[in-house]
Amino acid sequence: MAIFGKKTANDERILPEHIGIIMDGNGRWAKKRMLPRTAGHAAGSENFKTIARHCNKLGIKYLTVYAFSTENWRRPKEEVDAIMDLLRKYLKDSTNFKSENIKLRFIGELDALPEDIKELMKQAEFDSKDATGLVVNMAVNYGGRAEILHAVKEIANEVKNGEKNPEDLTEDDISAKIYTSEQSEPDFIIRPSGEYRLSNFLVWQSAYAEFWYSDVLWPDFSTKDLDKALEDFNKRNRRFGGV
């Protein structure tokens, strides 16, 4: 039986309630196989579905995946276009999660995305709105600092309109404005591919998250690798600044 939260005196398995994954290493995976980088992104996209389904099976409540960052627009146009086409294909696939009780949400600066993709995202969210299983947040055109800036601007407008007093502001006011405000903060961040950076991912929400790194490139990151990470999480003692 899996339970969420701090360790207890019993032997039940402790699971993170909210997992964040930086899906990194697609390009290097393709290069190792002498394939175009787009092949790596395609393989990574398929693996995302596998890992999401496994999280749902385990009973994880929230999964946030870093699909496309605000900085990724700097990549070659051909690669960016291929990523957008993969996103279109994924969103058009009527079998994606619809029968698996998984709810889809999209977070980030979505207004900058092509109109057809935004419409497909709205449809995917609508189609899965009644799901009660895993909630998947797909971060697209997302940056953690941009998310905080967005929250601060909203609060600044409320102050300007006399709705809030600057002296009364707390951290909770910012937390209430971030994209995942209705969810628990991520308690476990996983980064495959041998990198040891947060890369502007869930900057505000990850203040007390546990981190786990792996040399495995994302397209090769298997359900067994995820289980290994969860076993490690299960051994940790999360004190949140206490004793």
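Since the structure is predicted, the reported quantities are computational estimates derived from the model, not experimental observations.
Hydrophobic clustering places Leu202 together with Tyr179 (ILVMFWY residues linked when any side-chain heavy atoms are closer than 4.5 Å, directly or through intermediates). Val203 is not connected to Phe201 by any chain of hydrophobic side-chain contacts under 4.5 Å among Ile, Leu, Val, Met, Phe, Trp and Tyr, and they are in different clusters. Placement of Leu120 and Val65 within a single hydrophobic cluster is found when ILVMFWY residues are connected by side-chain heavy-atom separations under 4.5 Å, directly or transitively. Following chains of ILVMFWY side-chain contacts shorter than 4.5 Å, one can reach Ile21 starting from Leu58, so the two form part of one hydrophobic cluster. Under the 4.5 Å side-chain heavy-atom criterion for ILVMFWY residues, no single connected hydrophobic cluster contains both Val135 and Ile51.
Screening residues 106-116 for salt bridge (Lys or Arg N to Asp or Glu O under 4.0 Å), with sequence neighbours left out, gives Arg88-Asp116, Glu115-Lys118.
Between Phe48 and Tyr90, the ring center distance clears the sub-6.0 Å criterion. Aromatic rings of Tyr142 and Phe68 (six-membered ring for Trp) have centroids beyond the 6.0 Å cut-off, not under it.
Taking both residues in full, the closest heavy atoms of Ile102 and Ala52 are given as CD1-O, 4.3 Å, listed atom of the first, atom of the second, then distance. Closest approach of Ala30 and Gly40 over heavy atoms only: CB-N, 3.7 Å. The shortest non-hydrogen separation linking Leu169 to Lys164 is CD2-CD, 3.6 Å. Nearest heavy atoms, Ala209 versus Ile189: CB-CG1, 3.8 Å. Minimum heavy-atom separation, Pro16 to Ile60: O-CD1, 3.4 Å. Of all heavy-atom pairs spanning Asp215 and Gly194, the tightest one is OD1-CA, 3.4 Å.
At a threshold of 4.0 Å, the pair Lys177-Asp173 does not count as salt-bridged, since none of the basic side-chain nitrogens sits closer than that to a carboxylate oxygen. Classification of Glu210 and Lys235 as a salt-bridged pair fails, no side-chain N sitting under 4.0 Å from a carboxylate O. Taking the charged nitrogens against the carboxylate oxygens, Lys228 and Glu231 have no contact shorter than 4.0 Å, which rules out a salt bridge. For Lys49 and Glu100, the salt-bridge test fails: no basic side-chain N is under 4.0 Å from an acidic carboxylate O. Classification of Asp127 and Lys92 as a salt-bridged pair fails, no side-chain N sitting under 4.0 Å from a carboxylate O.
In this structure, Phe188 CZ and Leu63 CG are separated by 12.5 Å, a value rounded to the nearest 0.5 Å. One finds the CG atom of Asn141 at 11.0 Å from the CG atom of Leu87 (value rounded to the nearest 0.5 Å). Here the CG-OG distance, from Leu198 to Ser206, works out to 5.5 Å after rounding to the nearest 0.5 Å. Atoms CZ and OG, from Arg75 and Ser69 in turn, are 7.0 Å apart once rounded to the nearest 0.5 Å. Atoms OH and CE, on Tyr66 and Met23 in that order, are 11.0 Å from each other to the nearest 0.5 Å. We find the CD-OH distance between Glu182 and Tyr62 to be 8.5 Å, quoted to the nearest 0.5 Å.
Judged purely by atom type and a 3.5 angstrom limit, Asn161 uses its side chain to pair as donor or acceptor with the backbone of Asn157. At distances below 3.5 Å, not a single donor-acceptor pair connects side-chain atoms of Asn26 with backbone N or O atoms of Arg37. A distance-only check finds a donor-acceptor pair linking the side chain of Asp225 to the backbone of Ser222 [under 3.5 Å]. At distances below 3.5 Å, not a single donor-acceptor pair connects side-chain atoms of Trp212 with backbone N or O atoms of Ile190. In this structure, the side chain of Thr223 does not engage the main chain of His54 through any donor-acceptor pair within 3.5 Å.
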Let me see the working for Asp187 and Tyr208 under side chain to side chain contact (heavy atoms under 4.5 Å, CB included), right down to the final yes or no. CA-CA 7 Å; Asp187 36 16; Tyr208 289 100; over 6 Å; no
Run the side chain to side chain contact (heavy atoms under 4.5 Å, CB included) test on Val159 and Asn165 for me, step by step, so that the C-alpha distance in whole Å, both residues' side-chain angles and the decisive distance to 0.1 Å come before the verdict. CA-CA 6 Å; Val159 170; Asn165 187 329; over 6 Å; no
Check step by step if salt bridge (charged side-chain N to carboxylate O under 4.0 Å, His left out) holds for Glu71 and Arg74. CA-CA 6 Å; Glu71 291 80 18; Arg74 303 171 189 167; 5.1 Å; no
List the steps and the verdict of salt bridge (charged side-chain N to carboxylate O under 4.0 Å, His left out) for Arg236 and Asp232. CA-CA 7 Å; Arg236 300 188 187 185; Asp232 187 75; 2.5 Å; yes
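Between the side chains of Ser175 and Asp172, not a single donor N or O lies within less than 3.5 Å of an accepting N or O. Remark: the Asn47 side chain and the Thr50 side chain contain no N/O donor-acceptor pair separated by less than 3.5 Å. No hydrogens or angles considered: nothing links the side chains of Gln205 and Gln183 as a donor-acceptor pair under 3.5 Å. Side-chain atoms of Ser193 and Glu195 include no donor-acceptor pair closer than 3.5 Å.
Counting heavy atoms from C-beta outward, Asn137 and His18 have side chains that approach closer than 4.5 Å. In this structure the side chain of Phe211 never reaches within 4.5 angstrom of the side chain of Arg191, judged on heavy atoms. Contact of the Ile83 side chain with the Glu79 side chain is registered, since non-hydrogen atoms from C-beta on lie closer than 4.5 Å. Side chains of Ile107 and Val140 form no contact here, defined as non-hydrogen atoms less than 4.5 Å apart. Two residues are said to be in side-chain contact when any heavy atoms from C-beta on lie closer than 4.5 Å; Leu91 and Phe106 meet this criterion. Contact annotation: the side chain of Lys103 never approaches that of Val136 to less than 4.5 Å [non-hydrogen atoms, C-beta and beyond]. Looking at Arg53 and Leu134, their side chains never come closer than 4.5 Å, going by heavy atoms from C-beta outward. Pro219 places none of its side-chain heavy atoms less than 4.5 Å from the side chain of Phe221.
Annotation: Glu163, atom CD; neighbour count of heavy atoms from other residues, nucleotides and ligands within 6.0 Å is above 12.
For Arg105, there are no salt bridge (charged side-chain N to carboxylate O under 4.0 Å, His left out) partners at least two apart in sequence or on another chain.
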